Amino acid sequence: MPTSDSAGCYVYIQLPRSMEVVTCGRIVQQGGVGRFVYGKSYLANPRAVELEKFELPLRPGIVETTRLGGICGALRDSSPDAWGRRIIERQLGRVDPTEVDYLLNSPEDRAGALSFGESPTPPAPIPPYNTLPHLDLLLEAAGRIEQGLPPFADAVSEPVNPGTSMGGARPKNVIEDGEDLWVAKFPSRGDRWNNAAVEGGMLRLARECGLRSAYGKVVSVAGRSVLLVRRFDRRRADEGYLRQRMVSALTVLRADEHPQDRSKWSYVLLADELKRWVANPDADLRELFSRMVFNALISNIDDHPRNHALIAAGTEWNLSPAYDLTPMPQVSTERDLAMEVGSVQQRRANRRNLLSECGRFRLSREDATHIIDKMKATVSARWRETVKACGGTEADLNAIERAFDYEGFEYDSRP
Ligand SMILES: Nc1ncnc2c1ncn2[C@@H]1O[C@H](COP(=O)(O)OP(=O)(O)OP(=O)(O)O)[C@@H](O)[C@H]1O
Ligand SMILES: [Mg+2]
């Protein structure tokens with residue numbers, strides 16, 4: 001494991017619908033400037049695919065960026081966020097690793113199809129994943145890390161890896177169970193309700209609303225609920241897992257990650273991007289519009305651009321299944337999402353604003369209104385049941401009640 005500042009590394013990719021991993025390029029990051037170049041042999045490979053459609057198309061030459069501290073979005077999307085970085089910083093005993101350090105020190109359970117290393121040739125296949133029986137150890141390790149303690153009480157080597165490259169802030173890990181890999185989302189210290197039951201309930205509710213959401217199930221580990229979300233970027237094959245490329249909406253929008261500059265955090269801009277990115281824009285635009293409405297209806301105000309993604313199983317890109325659907329009860333009768341939903345009141349979650357740019361999603365006003373009406377009725381009628389079905393108690397329902405059926409959704413904000 002490299003411990004000193006690393007300025008550069010090789011990038012590898014598992015080719016689409018294949019177990020073959022090849023070197024595709026190299027990145028160097030220095031002084032806030034990142035450079036990426038595809039390797040000649042990769043460009044000559046007839047099975048080569050681009051890492052990102054518009055910033056990193058398949059062509060020779062150096063691509064330079066100062067965004068995201070000097071790393072191309074598609075590469076940054078392969079790296080952990082707050083939770084995984086915290087563990088790496090602990091392991092390295094440093095608070096200031098470079099982006100390349102994070103890539104080189106993060107486990108190979110990362111989202112998407114990329115890997116990173118210091119050798120010009122790809123590394124040996126990754127060691128086995130953590131498995132379901134390891135969940136109690138992983139849960140305990142996550143709790144200790146949250147408290148600022150080493151992951152395990154004893155220094156003896158444990159059979160599990162407490163770190164993960166998956167993004168997000170919540171304590172989590174990846175486990176293998178049956179034919180699938182799962183993101184295991186653990187309880188966190190500040191939780192005010194059973195998050196696994198509530199988030200699991202929202203994934204179900206989204207399906208009942210006709211959305212394409214990730215499949216989740218709640219399991220009990222040492223008396224606590226853990227949400228397992230089936231990974232949609234991996235598919236079991238005879239010799240291991242096939243991997244799909246994955247880029248976040250933050251990358252697609254070329255947006256800043258800091259909430260201070262949210263100018264590009266917008267469903268409407270994302271809709272415009274889908275038109276040039278995806279294979280079936282009409283279907284994905286309708287899905288995106290519906291997700292935006294769903295997030296408004298459940299007060300998911302944490303719907304930032306890393307909570308949306310595009311994936312590619314083969315050569316074509318598509319909107320990924322929906323994930324990280326979390327209601328946030330509000331005292332106010334109105335609420336703002338993290339991303340802009342319309343042109344009347346930017347982020348404000350109400351019918352009029354949601355409808356204001358429906359044409360950009362290729363929906364008529366009539367169609368869009370029908371989608372809203374139908375989803376509003378389903379959410380209202382079903383949210384309690386879906387949360388209960390995932391183990392939510394009356395206390396959990398009371399705690400999140402003010403996320404649903406809020407008056408402001410129907411306010412007519414016409415001046
Ligand atoms: N089912 C899945 N399959 C593949 N990748 C996933 C899946 N669910 C989540 N991810 C990836 O893992 C990341 C973290 O997951 P998620 O957003 O659920 O975690 P979180 O900690 O709740 O995030 P946040 O910090 O936004 O609250 C996502 O941004 C996405 O890249
Ligand atoms: Mg998230």
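Quick caveat: nothing in here was measured; it's all calculated off a predicted structure.
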Handout entry: Any donor-acceptor pair under 3.5 Å from Asn173 side chain to Ala184 backbone
Key = no

Exercise for the section: List the steps, then state whether side chain to side chain donor-acceptor pair (under 3.5 Å) holds for Ser225 with Asn194. Expected result: CA-CA 7 Å; Ser225 294; Asn194 180 339; 3.1 Å; yes

Completion exercise
Hits for ring pair (Phe, Tyr, Trp, His ring centres under 6.0 Å) against Phe186, two or more places apart or cross-chain, chain-then-number order -> none

Exercise for the section: Output yes when Arg224 and Asp191 qualify as a salt bridge under the 4.0 Å nitrogen-oxygen rule, no when they do not. Expected result: no

Exercise for the section: Mind running side chain to side chain donor-acceptor pair (under 3.5 Å) on Ser380 and Asp405 for me, showing each step along the way? Expected result: CA-CA 6 Å; Ser380 201; Asp405 298 317; 2.7 Å; yes

Handout entry: Heavy-atom donor-acceptor pair, Asn105 side chain to Asp101 backbone, under 3.5 Å
Key = yes

Problem - Check: Thr369 and Arg351 side chains under 4.5 Å, non-hydrogen atoms - result: yes

Practice task
Apply side-chain contact (heavy atoms from CB on, under 4.5 Å) to the pair Leu51 and Val11, showing each step before the final yes or no.
Solution key: CA-CA 10 Å; Leu51 308 194; Val11 183; 4.3 Å; yes

Problem - Criterion side-chain contact (heavy atoms from CB on, under 4.5 Å) on Ser248 and Glu257, from CA distance to verdict - result: CA-CA 11 Å; Ser248 68; Glu257 62 187 331; over 6 Å; no

Practice task
Verify side-chain contact (heavy atoms from CB on, under 4.5 Å) between Thr23 and Ser41, making sure each step is shown before the conclusion.
Solution key: CA-CA 8 Å; Thr23 304; Ser41 62; 5.9 Å; no

Completion exercise
Distance col, row Asp109:CG vs Asn130:CG, nearest 0.5 angstrom, shows 8.0 Å

Handout entry: Test: Glu385 and Lys388 ion pair at under 4.0 Å
Key = yes

Problem - Reported CG-to-CD1 distance for the pair Leu228 and Ile175, which is rounded to 0.5 angstrom - result: 5.0 Å

Problem - Side-chain heavy-atom pair Arg245, Glu52 within 4.5 angstrom cut-off - result: no

Practice task
With sequence neighbours excluded, tell me which residues meet side chain to side chain donor-acceptor pair (under 3.5 Å) with Arg76.
Solution key: Asp81

Handout entry: Side chains of Thr65 and Glu55 in contact at under 4.5 Å (non-hydrogen atoms)
Key = yes

Problem - Side chain to side chain, Ser343 and Val268, heavy atoms closer than 4.5 Å - result: no

Handout entry: Electrostatic pair Glu273:Lys53 at N-O distance under 4.0 angstrom
Key = no

Handout entry: Side-chain donor/acceptor of Tyr323 to backbone N/O of Arg231, under 3.5 Å
Key = no

Practice task
Please say whether more than 12 non-hydrogen atoms of neighbouring residues, nucleotides or ligands are located less than 6.0 Å from CD in Glu179.
Solution key: no

Problem - Check: Arg170/Thr326 side-chain N/O donor and acceptor closer than 3.5 Å - result: no

Exercise for the section: Mark yes or no for whether Glu199, through its side chain, and Leu203, through its backbone, hold a donor-acceptor pair below 3.5 Å. Expected result: no

Exercise for the section: Take the angle between the ring planes of Tyr406 and Phe409 and call it parallel below 30°, perpendicular above 60°, tilted in between. Expected result: perpendicular

Problem - Heavy-atom check, side chain of Lys185 versus side chain of Met166, under 4.5 Å - result: no

Problem - Geometric class of the Phe404/Trp383 ring pair [parallel <30°, tilted 30-60°, perpendicular >60°] - result: parallel

Handout entry: Ile400 CD1 to Met202 CE distance, which is reported to the nearest 0.5 Å
Key = 5.0 Å

Handout entry: Donor-acceptor contact below 3.5 Å, side chain Arg207 vs main chain Ser213
Key = yes

Handout entry: Pair Arg306 + Asp324: basic N to acidic O under 4.0 Å
Key = no

Practice task
Look up atom CG in Asn353 and atom CG in Leu337, then write down how far apart they are to the nearest 0.5 Å.
Solution key: 9.0 Å

Exercise for the section: Look only at the side chain of Asp233 and the backbone of Arg243, and say whether a donor-acceptor pair between them is shorter than 3.5 Å. Expected result: no

Practice task
Return yes if a side-chain donor-acceptor contact under 3.5 Å exists between Arg85 and Ser79, otherwise no.
Solution key: yes

Handout entry: With Arg230 via salt bridge (charged side-chain N to carboxylate O under 4.0 Å, His left out) - residues at least two apart
Key = Asp180

Handout entry: Check: Asp284 and Arg212 side chains under 4.5 Å, non-hydrogen atoms
Key = yes

Practice task
Applying salt bridge (charged side-chain N to carboxylate O under 4.0 Å, His left out), name anything that partners Glu140, two or more places apart in sequence or on another chain.
Solution key: none

Problem - Electrostatic pair Arg204:Glu208 at N-O distance under 4.0 angstrom - result: no

Practice task
Give a yes or no answer on whether the side chain of Glu99 reaches the backbone of Gln29 with a donor-acceptor pair at less than 3.5 Å.
Solution key: no

Side-chain donor/acceptor pairs under 3.5 Å, residues 311-322, sequence neighbours excluded:
| residue | atom | partner | partner atom | Å |
| --- | --- | --- | --- | --- |
| Trp317 | NE1 | Glu50 | OE2 | 2.8 |
| Ser320 | OG | Ala309 | O | 3.3 |

Practice task
Measure the acute angle between the ring planes of His308 and Tyr267, then classify it against the limits of 30° and 60° as parallel, tilted or perpendicular.
Solution key: perpendicular

Practice task
Write down the atom of Glu108, the atom of Arg234, and the distance for their closest heavy-atom approach.
Solution key: O-NH2, 4.0 Å

Practice task
Check for a donor-acceptor pair, side chain of Arg35 on one end and backbone N or O of Glu64 on the other, with a separation under 3.5 Å.
Solution key: no

Practice task
Can you establish whether the number of heavy atoms outside Glu366 located under 6.0 Å from its atom CD is more than 12?
Solution key: no

Exercise for the section: Over all heavy atoms of both residues, which pair between Leu269 and Ser263 is shortest? Give the atoms and the distance, please. Expected result: CD1-O, 4.2 Å

Problem - Residue pair Arg59 / Leu43, side-chain heavy-atom distance below 4.5 Å - result: no

Handout entry: Check: Phe294 and Asn300 side chains under 4.5 Å, non-hydrogen atoms
Key = no

Handout entry: Pair His370-Asp367, side chain to side chain donor-acceptor pair (under 3.5 Å): steps then yes or no
Key = CA-CA 5 Å; His370 180 69; Asp367 260 1; over 6 Å; no

Practice task
Answer yes or no: does atom CZ of Arg262 have more than 12 heavy-atom neighbours from other residues, nucleotides or ligands under 6.0 Å?
Solution key: yes

Handout entry: Gap between atom CG of Asp77 and atom OG of Ser165 - 0.5 Å precision
Key = 12.5 Å

Problem - Criterion side-chain contact (heavy atoms from CB on, under 4.5 Å) on Arg347 and Trp265, from CA distance to verdict - result: CA-CA 9 Å; Arg347 304 184 152 75; Trp265 291 23; 4.0 Å; yes

Handout entry: Neighbour count above 12 (heavy atom, 6.0 Å) for Lys275 NZ
Key = yes

Handout entry: Passing candidate, side-chain contact (heavy atoms from CB on, under 4.5 Å) with Val226, options Val221, Asn195, Asp136, Val218
Key = Val221

Handout entry: side chain to side chain donor-acceptor pair (under 3.5 Å) against Arg286, all qualifying residues, sequence neighbours excluded
Key = none

Completion exercise
dist Tyr42:OH -> Leu15:CG (nearest 0.5 Å) comes out at 6.0 Å

Handout entry: Salt-bridge present (Asp256, Lys264; N to O < 4.0 Å)
Key = no

